[in-house]
Structures are given as C-alpha cells and as structure tokens.
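These notes concern the structure reproduced below.
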Amino acid sequence: MSNEKMENLLNLALDATQAEREKSMQLEVGYDAAERAWEVIVKFSGTQEALAARLAERFPQFSDRIRLTNLQNEYAVLILPEQIVESVASLNEIEYMEKPKRLFFAVDNGKRASCISALQTGETPEGQLTGQGVLVAVIDSGIDYAHPDFCNADGTTRILSLWDQTIPSGSVADAGAPEGTSEEQKFLQAPEGYVLGTEFPQEIINLALKQPTEQQRNAVCPSRDLSGHGTHVSGIAAGNGRASRGRYRGVAYESELIAVKLGTMREEGFPRTTELMQAVDYCVRKAEQFNRPVAINLSFGNNYGSHSGTSLIETYLNDMSNLWRSSIVVGSGNEGSSAVHTAGRMVYGQETRVQFAVSGYESTLNVQIWKSYADEAMVSIASPRGTVVGPIQRIQGPQRFTLGGTEVLLYYGEPSPYSPYQEIYFELLPVRDYIDSGIWEIRLLPQRIVLGDYDMWLPSGGVLNAGTGFLYPVEETTLTIPSTAAKVITVGAYDARFGQPAAFSGRGYTRETNQVKPDIAAPGVEITSCAPGGGYAARTGTSMATPFVTGSAALLMQWGIVQGNDPYLYGEKIRAYLIRGAQPLGDGTGRSYPNPQLGWGTLCVASSLPT
C-alpha cells in the first residue's frame with residue numbers, strides 16, 4: 001500500500017528491487033546501497049528540535065543513522081535507514097516527503113544588448129552601477145578562485161565564502177601545505193548547521209592565493225571547478241575582467257561573491273535537488289550574516305514533476321524568495337527543441353495514441369503523464385513488437401509488466417497535499433542490457449472527461465541517445481524544474497548576434513497554472529566568459545543567459561538598497577522592475593508579449609530603473 005504523504009516516485013522507488021533501481025536513471029537517486037539508506041526532502045510542522053526529538057523517541061535503535069539538516073521555513077533534508085522511511089513519512093510532524101532528483105546544467109556583446117554597458121560606465125542619469133555592496137551567489141559546479149577576474153587588484157579574493165559540497169568535512173590533507181599553516185586551516189569543516197562538504201572562508205582562499213605554486217595553493221584550498229561551468233557563469237554575473245583588461249568584464253563586476261560547488265553523487269556525476277536546497281539556504285544565511293542583499297544564480301534543472309510549481313523544491317524556493325533581501329534567478333533549461341515533451345487534449349469516446357521513438361542502446365527511460373484528476377481514462381502501452389499491455393487497472397501504487405526485452409514499472413498516482421494533479425509514471429528498464437528500440441505507443445481511452453488536457457515528459461538534460469523522443473513533440477511547456485517556481489525570476493535565452501530566439505531555450509507557460517514563464521530573456525548563445533586556468537571560453541545555453549539577469553538584479557539592488565533609492569528593491573519587486581524595462585526582440589516578426597519563448601521581452605536594465 002502506498003503512503004499518500006510521499007510523492008509517487010518515492011513510493012515506486014521503495015517498492016522497486018535494488019536491481020531495478022540500479023538500472024533506472026531516476027529511481028536510484030537518493031539511495032545509498034552501501035548504507036541501505038535514503039536521502040529525502042520533507043516539509044514538516046514545528047521546530048527542528050521537536051522533529052529531532054520525535055525521531056529519536058520513535059526510532060531509538062536508528063538514532064546513530066538518522067541525519068537531519070534543517071533548512072529554513074520548516075523544510076529539512078533527512079537521511080533515513082530504508083526500513084523506516086515510510087514510518088517517518090507517517091509521523092504527524094511530517095507534512096510531505098519527496099526523494100531527490102538529478103539536476104542538469106543547462107560577454108561584451110551580451111552586455112550591450114542588455115543595456116548594461118551604459119550603467120557600468122555611468123552614462124545614465126542613475127550614475128555608475130557596478131554591484132558594489134551586493135552579494136552575487138553562484139550555485140554551480142564550483143569556481144576557479146585563482147582566476148584574475150575573481151581577485152582584487154592587490155591579488156586578494158572577491159569571494160567571501162566557498163562551500164565545496166564534494167570535499168568531505170575534515171578531509172583536507174596537509175600534504176604540501178605551506179609552512180605556518182595552522183591545524184585549523186588544514187582541516188576545515190562543513191558550514192555550521194550542515195553535514196555536507198567543506199567550507200573555505202575568505203581568509204583561507206587568500207592564504208591559498210599567496211602560495212608560490214599551484215600544488216601549494218591546492219593544498220590550502222583544494223576546491224576545483226572541473227567542468228568550468230560555474231566559473232563561466234560566475235564570470236558573466238560578476239567577473240571584473242582583469243585577465244582581459246576589461247574586455248570580458250561581467251555585469252556586477254564589483255560585487256563580492258559566494259560560491260557553492262554542488263555535490264556529485266559518486267559515479268553518476270549529477271548533483272541532487274537536496275544539495276541545491278541546502279545551497280540556497282546557505283547563501284541566504286550568509287547574506288544575513290554579512291548584512292548584504294544577495295542575488296542567487298541557479299543555472300540548471302530537471303524534467304520530473306507537473307511543471308506547475310507544486311513540488312517541494314519549487315515551494316521551498318518560493319519561501320526563500322520571501323526571506324531576507326534576496327532575489328533568486330533560474331534558467332528555463334535547454335529542452336525547447338529536444339523532443340522530450342508532448343501534449344494534447346483527450347476527447348470522450350476517441351482513443352488518443354502518443355508515440356515515442358527509442359533509439360538503439362538506450363539503457364533506461366521514463367515517461368510521465370500528467371492530467372487533471374477529474375479526467376478518467378484507461379491507459380495501455382504498446383511495445384515496438386506490437387505487444388500491448390492494458391487497459392491498465394486504475395489502482396494506486398506500483399504495477400509491473402514485461403514486454404519483450406523490457407520491464408515496465410507503472411505507478412498510478414493520486415493528488416497530494418501539494419498538488420491537485422494526477423501522474424501516471426512509466427519506468428522502462430532492460431531485462432538484460434538495453435530496452436527494446438523502435439516506436440513505443442501510449443494509448444489513452446477516455447472514460448470521463450472534464451478538461452481533457454494532458455502533458456507527457458521524457459527525461460531532460462541530454463541523457464537520452466540521439467533519436468529518442470516523441471514523434472510529435474510540443475515545444476511549449478518545456479521549462480525545466482525549478483524554473484517553474486512562481487516567485488523566482490525565470491530566464492530564457494536568445495541569440496543577441498542575430499536578434500533571434502534560441503531554439504533550445506525552455507519555453508512556457510507553466511502547466512495548468514499558466515503563469516508567464518520565462519519572465520524575461522537574455523543573451524545565451526556563444527557567450528565569452530571566464531574559464532578555469534585564467535583564460536576565457538565561449539559557451540551557449542540558458543545557463544549563460546541566467547547570470548546576465550542575476551548580475552542585473554545585483555545592479556538594481558545596489559541602486560535601490562545600497563544607495564537608498566528603494567530599500568525594498570528585492571524579491572518580486574526586482575522581477576517587476578526587470579519586466580518594466582523588457583524590450584521586444586527586434587527581429588521584425590511583430591510577435592506579441594508576453595509569449596512562451598521570451599516572456600515579457602529581452603533584458604534591458606537601463607530601462608528597468610525608474611526615470
């Protein structure tokens with residue numbers, strides 16, 4: 001029997017065998033096979049202390065294995081032995097529980113197109129805006145802290161704090177550490193209140209920067225950005241351009257930075273939503289500690305969920321957007337043209353058939369169907385060999401079928417306390433090495449129709465092989481989660497070189513709630529910014545568009561909060577200002593605004609300030 005206080009995917013994961021979880025790209029996320037433990041996100045009532053006491057009282061035999069990381073506004077991340085997950089979810093104190101999801105990553109020309117250059121040089125009535133006095137927080141793959149663009153003229157760092165979630169607490173080796181390094185500097189700890197990773201404060205980074213060799217520098221602060229993604233994003237938002245004599249200077253180039261390198265889970269190499277939530281919590285707490293406004297950059301997401309803003313990570317980001325003087329900016333993802341979404345409307349008495357192709361050597365795949373709970377339809381699935389399973393019983397909980405060389409796990413969901421929508425989830429797993437390739441088909445035969453609308457999603461993030469996707473994709477509602485959260489600023493991408501929307505950019509609006517997302521678009525094609533090692537590189541994606549808006553939010557906060565023109569210029573008000581200044585894309589199409597590709601228009605910060 002499924003637990004209604006747990007999301008559908010977690011219920012299915014708990015029912016799955018270890019072999020099934022290991023084959024899946026979704027079900028195993030959050031599970032530690034060695035410890036036989038799950039990491040989960042919970043929304044709870046009461047205090048952290050009361051919840052911890054209740055867990056200790058109820059499960060005393062597991063007290064040494066239960067770990068609780070408290071987040072703000074009654075959210076927490078728990079690590080629980082597998083055998084007590086459902087019992088914990090059933091506690092009165094627990095309102096809802098989800099498992100973590102994988103996250104996927106989604107300057108000179110861009111600044112001109114976004115009306116930023118004039119503000120930086122003081123050519124506007126508002127004077128020069130550089131981000132001074134505002135924090136820019138980048139939650140990503142890390143940062144090359146030794147890059148000149150993140151250092152002041154005297155060689156000291158502009159980074160106030162660096163939290164590397166991938167370096168185990170207390171594990172910083174003293175081998176090669178320079179003479180005079182204290183034991184406290186050699187063996188640093190996780191930030192207070194967290195159990196993950198190692199925190200490097202500004203003084204440790206400055207000590208590392210003084211070392212004569214890279215080996216000695218890494219011995220003091222071994223955090224590295226292996227992919228270069230976070231370094232690139234940080235450079236767009238706040239790089240000062242020292243390595244290029246100002247040519248590739250970022251937006252808020254005098255802001256100080258907070259950097260979080262998200263954890264990667266062993267061999268899978270993808271961070272989790274639980275790590276992202278802790279990182280956002282950390283950045284807001286640090287901003288309060290330093291008494292500075294903060295603009296937080298999130299350049300990635302995933303496809304699992306209703307895309308209506310109702311998952312715990314989305315509601316959490318909404319809550320955090322209301323805390324402190326903060327602004328959270330999220331990229332819309334790169335799924336606009338990737339054939340991972342389709343949609344339609346069921347009509348009573350007419351069978352709907354949705355086809356998707358599976359290319360060769362696909363080791364796993366999942367399909368989500370989201371619809372109104374008021375609509376009733378019988379569901380069948382047909383394999384490429386023509387074998388059909390269904391109509392499938394409409395019973396809550398997991399079901400299993402085998403079609404040729406593919407095992408199908410099905411979960412028929414119910415509405416939750418946080419979502420009124422119904423999910424039908426298919427997980428396709430190989431009986432041996434790969435699932436059956438060819439054209440699969442999902443059939444919907446309506447029995448009772450009130451609204452009739454449905455959406456289907458495949459996994460995001462480029463994890464599928466070329467050729468796998470819906471045969472008739474729908475490019476709208478391809479925003480990745482959490483860019484669908486109501487109170488974050490969602491950013492799409494366009495090509496500023498040719499004045500064209502970027503085909504890859506995730507498109508709106510949100511499902512069912514139909515909120516305008518993205519809010520705004522920024523340059524995201526061939527953007528030159530910082531690369532590890534002190535140089536520069538060009539990258540493309542909504543990941544590159546997002547920091548233009550993050551840096552712009554910092555400029556607005558400087559004008560409003562730091563300079564005293566508007567002490568309440570943060571959160572929803574930042575978005576309102578950005579929308580106010582948004583400009584139509586000058587491609588001669590005469591498109592109306594807002595629209596699913598560009599939201600309210602393209603970023604123009606100079607026009608966003610009151611005249």
Side-chain angles (χ1 to χ4, degrees), residues 9 25-26 29 98 100-106 139-141 229 233 262 270-277 280 296-318 328-343 366-368 370 423 455-464 469-470 473-493 501-513 515-522 524 540-547 549-550 596-599:
L9 195 60
M25 71 174 70
Q26 276 280 26
V29 179
E98 292 182 357
K101 319 298 186 302
R102 285 177 172 175
L103 293 167
F104 303 95
F105 290 122
I139 299 170
D140 213 289
S141 65
H229 189 276
V233 167
L262 287 177
F270 299 103
R272 296 176 173 175
T273 48
T274 44
E275 295 158 348
L276 176 64
M277 292 171 71
V280 172
I296 302 174
N297 190 97
L298 308 178
S299 285
F300 32 175
N302 72 84
N303 243 359
Y304 180 77
S306 70
H307 292 69
S308 300
T310 57
S311 70
L312 286 191
I313 187 171
E314 292 164 302
T315 58
Y316 174 72
L317 291 179
N318 288 338
I328 301 176
V329 186
V330 186
S332 68
N334 299 336
E335 307 301 328
S337 57
S338 62
V340 296
H341 171 252
T342 193
N366 60 73
V367 185
Q368 308 164 57
W370 289 88
E423 175 193 15
D455 288 86
M456 297 187 190
W457 282 276
L458 297 173
S460 63
V463 297
L464 301 178
F470 289 109
V474 173
E475 294 179 339
E476 280 71 39
T477 326
T478 48
L479 304 156
T480 54
I481 297 169
S483 71
T484 44
K487 294 187 178 181
V488 303
I489 300 170
T490 303
V491 183
F504 59 80
S505 184
R507 304 178 193 180
Y509 299 137
T510 57
R511 184 186 176 276
E512 290 290 333
T513 52
Q515 183 181 0
V516 175
K517 293 282 182 177
D519 296 292
I520 201 164
T540 292
T542 54
S543 288
M544 285 60 253
T546 307
V549 177
T550 304
Q597 278 187 291
L598 303 170

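Just so it is clear, the values below take in all heavy atoms, side chains as well, and ignore hydrogens, waters and symmetry mates.
Contact record, Gly333 with Thr480: CA-OG1, 3.5 Å, taken as the closest heavy-atom pair. The two residues Glu475 and Gly336 make their nearest non-hydrogen contact at CG-O, 3.2 Å. Residues Gly331 and Thr546 come closest through the heavy atom pair CA-OG1, 3.0 Å. Contact detail for Val463 and Met25: the closest heavy-atom pair is CG2-SD, 3.8 Å. When every heavy atom of Ala486 is checked against every heavy atom of Lys517, the shortest pair comes out as O-NZ, 3.6 Å. Among all heavy-atom pairs drawn from Pro518 and Pro596, the shortest one is CD-O, 3.3 Å.
Val488 places none of its side-chain heavy atoms less than 4.5 Å from the side chain of Pro482. Within the 4.5 Å cutoff, no side-chain heavy atoms of Asn302 are placed close to those of Arg102.
Distance alone, capped at 3.5 Å, is enough to place a donor-acceptor pair between the Thr478 side chain and the Arg507 backbone. The backbone N or O of Val491 lies less than 3.5 Å from a partner atom in the side chain of Ser332, making a donor-acceptor pair. Side chain of Asn334 to main chain of Gly541: no donor-acceptor pair is present (N/O by atom type, distance under 3.5 Å, no hydrogens or angles). Using modelled atom types, no side-chain atom of Ser483 and backbone atom of Thr490 make a donor-acceptor pair closer than 3.5 Å. Distance alone, capped at 3.5 Å, is enough to place a donor-acceptor pair between the His307 side chain and the Gly305 backbone. A donor-acceptor distance shorter than 3.5 angstrom exists from the side chain of Glu98 to the backbone of Leu312, with no hydrogens or angles considered.
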> Could you go step by step and tell me if Thr550 and Val233 meet the side-chain contact (heavy atoms from CB on, under 4.5 Å) rule?
Replying inline: CA-CA 10 Å; Thr550 304; Val233 167; over 6 Å; no
>> His341 vs Trp457, test: side-chain contact (heavy atoms from CB on, under 4.5 Å). Steps then yes/no.
In response: CA-CA 5 Å; His341 171 252; Trp457 282 276; 3.2 Å; yes
> Taking it one step at a time, do Lys101 and Leu9 satisfy side-chain contact (heavy atoms from CB on, under 4.5 Å)?
Replying inline: CA-CA 10 Å; Lys101 319 298 186 302; Leu9 195 60; 3.9 Å; yes
>> Assess the residue pair Ile139 and Asn297 against the criterion (side-chain contact (heavy atoms from CB on, under 4.5 Å)); give the C-alpha distance rounded to whole Å, side-chain angles, the decisive distance to 0.1 Å, and a yes or no.
In response: CA-CA 6 Å; Ile139 299 170; Asn297 190 97; over 6 Å; no
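When only modelled atom types and interatomic distance are considered, Ser338 and Glu335 share a side-chain donor-acceptor pair under 3.5 Å. Using a 3.5 Å distance cut-off with no hydrogens or angles, the side chains of Glu314 and Thr484 do pair a donor with an acceptor.
Separating the CG atom in Leu298 from the CG atom in Leu262 is a distance of 8.5 Å, to the nearest 0.5 Å. Atom CG in Asn303 sits 8.0 Å away from atom CG in Leu458 (nearest 0.5 Å). For the atom pair Ile489 CD1 and Ile296 CD1, the distance stands at 11.0 Å (nearest 0.5 Å). The line from OG of Ser299 to CG of Leu103 is 11.5 Å long, rounded to the nearest 0.5 Å. To the nearest 0.5 angstrom, Ser306 atom OG is 9.5 Å from Asp455 atom CG. Distance check, rounded to the nearest 0.5 Å: OG1 of Thr477 to CZ of Arg511 gives 9.0 Å.
Judged as a side chain to side chain contact (heavy atoms under 4.5 Å, CB included), and not counting sequence neighbours, the contacts of Ala493 are Ala502, Phe504, Ser505, Thr542, Ala545. For the side chain to side chain contact (heavy atoms under 4.5 Å, CB included) test, residues two or more places apart in sequence or in another chain that qualify with Glu423 are Asn8, Tyr304, Gln368, Trp370, Tyr425.
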